[in-house]
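Worksheet: the structure to be examined is printed underneath.
Quick caveat: nothing in here was measured; it's all calculated off a predicted structure. Numbering of ligands and ligand atoms starts at 1, following listing order.
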Amino acid sequence: MKRKVLIIYTGGTIGMEKDYATGSLVPFDFSNIFKRMPEMNLMECEVSVKSFDYPVDSSDMGPKQWQGIAKIVQENYEAFDGFVILHGTDTMSYTASALSFMLKNLGKPVVLTGSQLPIGDLRTDAKENLLTSLYYASLYENDEAVIQEVTLYFEYKLLRGNRSLKFSAEYFDAYQSPNYSILGQSGVHLNIDKDSLLKPKSTNFEIDLHLDENVLFWRIFPGMNFDFLLEVTSVKVIILQVFGSGTIFNNEKTERVLRELRQRKVEIIVISQCVSGGISFGKYSNSNIFSQVGAINGKDMTAEAAITKSMHLLNNPRYKTNFAELFDEDICGEVTKDFH
Ligand code: ASP
């Protein structure tokens with residue numbers, strides 16, 4: 001049976017070409033992709049393309065565009081067996097993370113991909129990324145999708161979307177998943193690690209478009225003026241990116257500021273500046289303040305996942321429990337539940 005895959009083209013380098021007048025990269029009409037890449041006609045799956053009306057550099061992606069993608073997936077969910085989202089690389093991990101929370105009980109593959117060089121470039125990485133993503137998005141066994149979660153494919157690796165992060169602006173091998181195993185690897189064979197894949201909790205696919213933007217991300221650094229944090233008055237969630245396994249300056253000011261924020265009912269989430277490993281409250285005395293003020297342990301989550309999870313959970317009428325308890329839950333494989 002020929003599987004049907006929908007490509008959702010949002011923008012990014014993959015679909016750009018050089019405007020020789022200005023020398024800058026600009027998006028081309030992606031519906032011409034079959035002419036530019038005749039290899040696509042050789043795929044075993046049937047491919048359709050839907051393009052954003054105005055493709056964007058991924059630095060222009062945000063909640064509105066994530067909601068747009070979620071709606072396209074929903075509208076086409078019954079008609080297609082899988083989805084490939086073509087996206088700029090700069091914020092692809094944010095979109096992948098956001099979608100992982102928004103697409104509930106996903107029973108079909110969603111694969112985000114992009115490229116470091118435009119598809120028309122002789123040395124492009126776009127073709128392999130796109131063709132293999134289409135392969136993963138159409139992978140079925142016994143009439144069941146092998147991948148039933150939001151993933152990101154780049155340079156021979158299939159990663160869980162909400163565990164991925166862009167770490168190189170230079171190399172084709174641009175993404176890592178430091179705290180979760182690689183879901184699939186493409187070499188001579190296209191491999192998949194079935195034990196690492198997520199299984200949906202139910203078969204009732206639905207989308208949740210709720211995203212609250214009252215979230216702030218703050219990286220601490222030696223010598224910073226911690227009082228600045230109190231100046232952002234409307235914020236409801238602060239994600240503090242602290243040192244190593246969870247340490248921060250051990251002084252009266254830190255305690256005063258954190259207590260003041262908690263009094264204002266601000267949720268404080270603690271994640272690490274290290275890309276691999278995570279937070280252990282209590283390991284060093286310089287982390288004790290977090291438990292004392294009731295901060296939330298972000299464990300081994302990426303910044304992208306912590307930010308989009310906060311936007312998804314904050315004031316979301318879907319959930320009945322409080323924010324801290326919800327945040328501690330593993331919703332869709334974004335955190336190692338028993339991490340310490
Ligand atoms: N600036 C581009 C984007 O993220 C970079 C890329 O696609 O690789 O849209």
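For the 3.5 Å distance criterion, the side chains of Tyr94 and His87 fail to qualify, holding no donor opposite an acceptor. Using a 3.5 Å distance cut-off with no hydrogens or angles, the side chains of Asn251 and Thr254 do pair a donor with an acceptor.
If you look at ligand 1, the protein residues with a non-hydrogen atom under 4.0 Å away are Gly12, Thr13, Asp57, Ser58, Gly88, Thr89, Asp90, Ser115.
In this structure, Lys309 fails the cation-pi test against Phe101, since its NZ or CZ atom is not both closer than 6.0 Å to the six-membered ring centre and inside 45 degrees of the ring normal.
Other residues sharing a hydrophobic cluster with Leu165 under the 4.5 Å side-chain heavy-atom criterion for ILVMFWY residues are Phe167, Val275.
Remark: Ser272 pairs with Cys274, Ile279 by the side-chain contact (heavy atoms from CB on, under 4.5 Å) rule, at least two apart or across chains. Tyr77 is linked by a ring-ring contact (aromatic ring centres under 6.0 Å, His included) to Phe205, counting only residues two or more places apart in sequence or in another chain.
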